[in-house]
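Being a predicted model, the structure only gives us computed values, none of them experimental.
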Amino acid sequence: MIGLLIITHETLGTAYTRLAEHFFPHFDFHHVAILNVETDDDHENIIRRARERLPKLERGHGVLVLTDIFGATPSNAALKLIERGQSAMITGLNAPMLIKAVNYSVKSESLPEFAEIVKQAGIDGILSFPE
């Protein structure tokens with residue numbers, strides 16, 4: 001099992017987690033945590049709070065950190081958490097990405113492969129219908 005840490009602006013992570021609970025109402029979310037970043041949060045405080053959550057999410061195969069916007073405060077803090085083989089990060093969180101992450105996290109044992117599957121789900125979930 002791979003843990004999931006969702007670090008987003010304001011309550012976006014909470015909303016995404018509620019969406020996942022809608023899709024998987026009987027799922028045990030003990031390996032998923034949310035860190036909501038408020039406008040006045042201190043960068044070092046965000047990193048400290050995230051580091052406190054990581055050990056609680058670790059289930060033997062690492063933790064995938066999902067953030068909303070690359071270059072923004074949540075992803076900048078998350079970058080400080082990345083340790084080869086122990087944690088990875090994907091930015092650009094969207095609903096298809098989260099649903100895939102939650103669904104496959106209990107089945108996966110390889111963090112790099114899992115991160116790639118989750119990233120691809122996010123990409124595949126973006127469609128354009130211009131006409």
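- The shortest distance between side-chain heavy atoms of Ile2 and Val63 does not fall below 4.5 Å.
- Hydrophobic clustering places Ile46 together with Leu57 (ILVMFWY residues linked when any side-chain heavy atoms are closer than 4.5 Å, directly or through intermediates).
- Pairs of residues two or more places apart, or lying in two chains, that qualify as ring-ring contact (aromatic ring centres under 6.0 Å, His included) and include a residue from residues 27-46 are Phe24-Phe27, Phe27-Phe29, Phe27-His31.
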Quick one: do Leu66 and Ile7 satisfy side chain to side chain contact (heavy atoms under 4.5 Å, CB included)? Show the steps, please. CA-CA 6 Å; Leu66 301 171; Ile7 306 176; over 6 Å; no

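- Between the side chains of Glu10 and Thr39, a donor-acceptor pair is found at a separation under 3.5 Å.
- Counting only residues at least two apart or in different chains, salt bridge (charged side-chain N to carboxylate O under 4.0 Å, His left out) contacts with residues 14-41 comprise Asp41-Arg49.
- Hydrophobic clustering (side-chain heavy atoms under 4.5 Å, transitive across Ile, Leu, Val, Met, Phe, Trp, Tyr) keeps Leu54 apart from Leu4.
- Within the 4.5 Å cutoff, no side-chain heavy atoms of Thr91 are placed close to those of Leu93.
- Taking Gln86 as the reference, nothing meets the side chain to side chain donor-acceptor pair (under 3.5 Å) condition, with sequence neighbours excluded.
- Side-chain atoms of Lys100 and Asn103, non-hydrogen and from C-beta on, never get closer than 4.5 Å to each other.
- Minimum interatomic distance between Ala121 and Pro96 (heavy atoms only, all atoms of both residues): O-CB, 3.6 Å.
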Does the side chain to side chain contact (heavy atoms under 4.5 Å, CB included) test come out yes or no for Val37 and Thr8, once each step is laid out? CA-CA 6 Å; Val37 175; Thr8 62; over 6 Å; no

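- Follow the hydrophobic side-chain contacts under 4.5 Å out from Phe23 and you reach Val106 in the same cluster.
- In this structure, Ile34 is not a member of the same hydrophobic cluster as Val118, with clusters built from ILVMFWY side-chain heavy atoms closer than 4.5 Å.
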Can you give me every donor-acceptor pair (side chain of residues 76-83, partner residue at least two apart or in another chain, under 3.5 Å) with its distance?
| unit_1 | atom_1 | unit_2 | atom_2 | d |
| --- | --- | --- | --- | --- |
| Asn76 | ND2 | Gly71 | O | 3.1 |
| Asn76 | ND2 | Ala72 | O | 3.4 |

Only pairs under 3.5 Å count here: list side-chain donor-acceptor contacts from residues 108-117, not counting sequence neighbours, and write none if there are none.
| unit_1 | atom_1 | unit_2 | atom_2 | d |
| --- | --- | --- | --- | --- |
| Ser108 | OG | Tyr104 | O | 2.8 |
| Ser110 | OG | Glu113 | N | 3.4 |
| Glu116 | OE2 | Lys119 | NZ | 3.3 |

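- Ion pairing between Arg48 and Glu52 holds under the 4.0 Å rule for side-chain N and carboxylate O.
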Let's go through Ile6 and Leu35 carefully: what are the C-alpha distance in whole Å and the side-chain angles of both, what is the deciding distance for side chain to side chain contact (heavy atoms under 4.5 Å, CB included) to 0.1 Å, and is it a yes or a no? CA-CA 6 Å; Ile6 302 165; Leu35 195 150; over 6 Å; no

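- Both Leu5 and Phe70 belong to a common hydrophobic cluster when Ile, Leu, Val, Met, Phe, Trp and Tyr are linked at side-chain heavy-atom distances under 4.5 angstrom.
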Worked verdict on Met89 versus Thr67 for side chain to side chain contact (heavy atoms under 4.5 Å, CB included): CA-CA 8 Å; Met89 180 182 88; Thr67 69; 4.2 Å; yes

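- At a threshold of 4.5 Å between non-hydrogen side-chain atoms, the residues Pro74 and Asp68 count as touching.
- Distance check, rounded to the nearest 0.5 Å: CG of Asn94 to CG of Asp124 gives 10.0 Å.
- Contacts of Thr14 classified as side chain to side chain donor-acceptor pair (under 3.5 Å), with partners at least two apart in sequence or in another chain: Asn36.
- Taking all atoms of both residues into account, the shortest heavy-atom contact from Met97 to Gly122 is CB-CA, 3.8 Å.
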